[in-house]
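Take a look at the structure set out below.
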Amino acid sequence: MNRYKLLTPGPLTTTSTVRNVMNEDRCTWDDEYKEITQIIRKQLLQIAGVSEEKYTAVLMQGSGSFVVESVLTTAVRPSDKVLFITNGAYGERMVQMATTIGLSHTQYETPYGEAVDAADIAAILQQDSAITHVAMVHCETTTGILNPIEAVIAVAKQQNKQVIIDAMSSFGGVPIDVSALQIDYLVSSANKCIQGVPGFGFVIANTERLAACKGVARSVSLDLYDQWQAMKVDGKWRFTSPTHVVAAFAQALIELQQEGGVAARYKRYAASNSYLRKEMQAMGFEPYIDEAHQSPIITSYFYPNEGFEFTAFYEAIKQKGFVLYPGKLTDADTFRIGNIGDIHLADIQQLVIAIKEYMGVEVS
Ligand SMILES: *Cc1c(COP(=O)(O)O)cnc(C)c1O
């Protein structure tokens with residue numbers, strides 16, 4: 001039983017049916033369990049809208065960052081160079097990983113509240129022909145901005161670059177045409193829009209690209225190529241897999257399908273988010289991201305006035321059954337409200353009532 005609903009970017013509120021399948025212990029070696037992994041891999045490709053001939057799905061233990069790092073260490077050779085396009089903490093984390101691994105790289109930063117202009121990227125790629133890979137975040141969960149990956153990828157593909165997308169907080173909740181965009185590596189994790197519990201992430205990888213990555217990784221545990229080689233045989237993971245989490249994820253995928261797939265989930269998220277934005281604005285909460293660039297996942301708000309105390313606000317709203325999320329910006333006082341997970345418009349309506357009461361706004 002949940003005591004409150006998480007309005008966070010993940011781990012998030014899951015259904016009791018997803019949590020219940022974790023009541024059973026499973027053996028990693030057992031055929032029935034290995035089959036769960038194979039089904040998950042197939043379904044992820046379907047959600048991504050890619051063919052089994054061209055793409056493969058590889059699951060990897062750890063939180064989402066582990067999986068991003070596994071792609072960077074496996075897919076980028078010493079002779080390659082990555083352009084990181086960043087406007088938030090998750091883009092910056094990729095740069096930190098590249099620095100630690102020792103990858104040749106360059107970074108193009110825009111302010112946190114602004115989306116990148118694809119024309120700028122075209123110019124950079126034109127000037128620096130050493131760049132082989134372009135990496136960026138789709139929904140920057142730091143602020144909730146939805147970056148225009150379509151335009152940037154088009155530019156990168158025109159110049160034959162490999163593309164790595166951190167779609168951690170958008171995949172499954174925002175339609176992404178991986179095939180048409182020709183994304184080479186797309187990364188997401190179990191505990192975001194697919195609405196599973198935390199413990200592993202996954203990569204939708206162009207098979208031909210990944211097949212060329214043997215021996216490139218500078219890490220044993222994070223070697224995505226080796227993980228794929230082991231997993232593709234019969235669904236057995238290298239090393240211990242998070243069995244309970246994997247089973248819960250399989251159930252979450254069934255529930256995504258029952259809801260009507262990504263399009264339906266997107267619609268639910270968007271409806272909750274637009275209602276939230278409208279009501280918060282009416283109460284004097286200014287969003288950090290403008291409407292045109294706002295994702296339907298999570299919204300950052302400035303503190304409404306000088307005297308606003310987030311901790312007191314947080315505690316009061318928690319008493320009403322909702323857990324909010326602090327901000328992640330250094331230059332402004334903000335907090336965040338997520339609306340992904342098993343959260344419906346009725347929940348957001350309840351939340352709005354709770355916030356109105358706290359703010360002393362008359363509840364109509
Ligand atoms: C959640 C998230 C990650 C991964 O974070 P972990 O804490 O490692 O799971 C990476 N990128 C984005 C955009 C995210 O939202």
Side-chain angles (χ1 to χ4, degrees), residues 6-14 59-73 82 84-98 100-101 107 109-110 112-113 115-116 134-149 152-153 163-174 176 183 185-204 219 221-222 224 242 245-246 248-249 252 265 269 273 288-289 293-300 323-329 334-341 343:
L6 303 178
L7 301 180
T8 59
L12 34 68
T13 303
T14 54
L59 319 185
M60 177 68 88
Q61 296 93 334
S63 84
S65 301
F66 289 61
V67 189
V68 173
E69 193 158 1
S70 83
V71 170
L72 293 177
T73 193
V82 189
F84 291 101
I85 303 164
T86 71
N87 58 353
Y90 292 102
E92 286 161 14
R93 188 175 295 171
M94 287 202 279
V95 176
Q96 188 190 357
M97 289 168 183
T100 303
I101 300 167
Q107 179 180 5
E109 262 180 290
T110 61
Y112 277 25
V116 65
V134 174
M136 71 185 290
V137 176
H138 188 206
C139 170
E140 232 322 336
T141 322
T142 311
T143 57
I145 194 170
L146 195 65
N147 283 315
I149 54 168
V152 174
I153 294 173
V163 171
I164 299 168
I165 300 294
D166 171 348
M168 205 70 67
S169 60
S170 55
F171 185 77
V174 178
I176 305 170
I183 295 170
Y185 300 93
L186 178 140
V187 185
S188 188
S189 79
N191 61 290
K192 302 251 164 130
C193 295
I194 310 277
Q195 300 182 181
V197 301
F200 74 91
F202 54 87
V203 182
I204 312 288
S219 160
S221 305
L222 297 179
L224 188 70
V245 179
V246 170
F249 189 74
R265 185 155 291 181
Y269 289 171
N273 187 263
Y288 184 81
I289 300 296
H293 296 102
Q294 172 65 46
S295 71
I297 307 296
I298 189 165
T299 311
S300 292
V323 165
L324 304 179
Y325 216 57
K328 207 176 176 133
L329 304 176
T334 55
F335 66 91
R336 289 176 286 175
I337 302 180
N339 55 261
I340 58 177
I343 299 294

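Just so you know, ligand 1 is whichever comes first in the structure, and atom 1 is the first atom listed for that ligand. Residues: numbered from 1 along the sequence shown.
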Quiz item: Going by heavy atoms, is Gly201 under 4.0 Å from ligand 1?
Solution: no
Quiz item: Which residue holds the protein heavy atom closest to atom 6 (P) of ligand 1, what is that atom called, and what is the gap in Å?
Solution: Ser63 OG, 3.4 Å
Quiz item: So which heavy atom in the protein is nearest atom 9 (O) of ligand 1, and how far is it from that ligand atom?
Solution: Gly64 N, 3.0 Å
Quiz item: Considering only heavy atoms of Ser65, which atoms of ligand 1 have at least one such atom less than 4.0 Å away?
Solution: 4 (C), 5 (O), 6 (P), 8 (O)
Quiz item: Between Val174 and His138, is any pair of side-chain heavy atoms under 4.5 Å apart?
Solution: yes
Quiz item: In terms of residue, atom name and distance, what is the protein heavy atom nearest to atom 11 (N) of ligand 1?
Solution: Asp166 OD2, 2.6 Å
Self-check item: For Ser169, atoms of ligand 1 separated by under 4.0 Å from a heavy atom
Solution: 15 (O)
Quiz item: What part of Cys139, side chain, backbone, both or neither, has a heavy atom within less than 4.0 angstrom of ligand 1?
Solution: backbone
Quiz item: Between Phe200 and Phe249, what is the ring plane arrangement, given parallel below 30°, perpendicular above 60°, and tilted in between?
Solution: perpendicular
Self-check item: Distance-minimising heavy-atom pair for Val187 and Val67
Solution: CG1-CG1, 3.6 Å
Quiz item: If every non-hydrogen atom of Ser169 is compared with every non-hydrogen atom of Cys193, which pair is closest and at what distance?
Solution: O-SG, 3.3 Å
Quiz item: Will you find, in the side chains of Arg336 and Thr299, an N or O donor that is under 3.5 Å from an N or O acceptor?
Solution: no
Quiz prompt | Residue pair Gln61 / Pro242: nearest heavy atoms and the distance that separates them | solution = CG-CD, 4.0 Å
Quiz item: Which atom names give the shortest non-hydrogen contact between Lys328 and Ala89, and what distance separates them?
Solution: CE-CB, 3.5 Å
Quiz item: How close does the nearest protein non-hydrogen atom get to atom 2 (C) of ligand 1, and which residue and atom is it?
Solution: Lys192 NZ, 2.5 Å
Practice problem: Would you please determine whether Glu140 falls within less than 4.0 Å of ligand 1 on a heavy-atom basis? | Solution: no
Quiz item: Does the side chain of Gln107 pick up a donor-acceptor pair with the side chain of Thr86 at under 3.5 Å?
Solution: yes
Self-check item: Top protein contact for atom 3 (C) of ligand 1, by heavy-atom distance
Solution: Met168 CG, 3.4 Å
Quiz item: What atoms of ligand 1 come within less than 4.0 Å of a heavy atom belonging to Arg93?
Solution: 5 (O), 8 (O)
Quiz item: At a 4.0 Å threshold, what atoms of ligand 1 neighbour a non-hydrogen atom of Val137?
Solution: 13 (C)
Quiz item: For atom 15 (O) of ligand 1, what's the nearest protein heavy atom and its distance?
Solution: Thr141 OG1, 2.4 Å
Quiz item: Leu186 versus Ile176: any side-chain heavy-atom pair under 4.5 Å?
Solution: yes
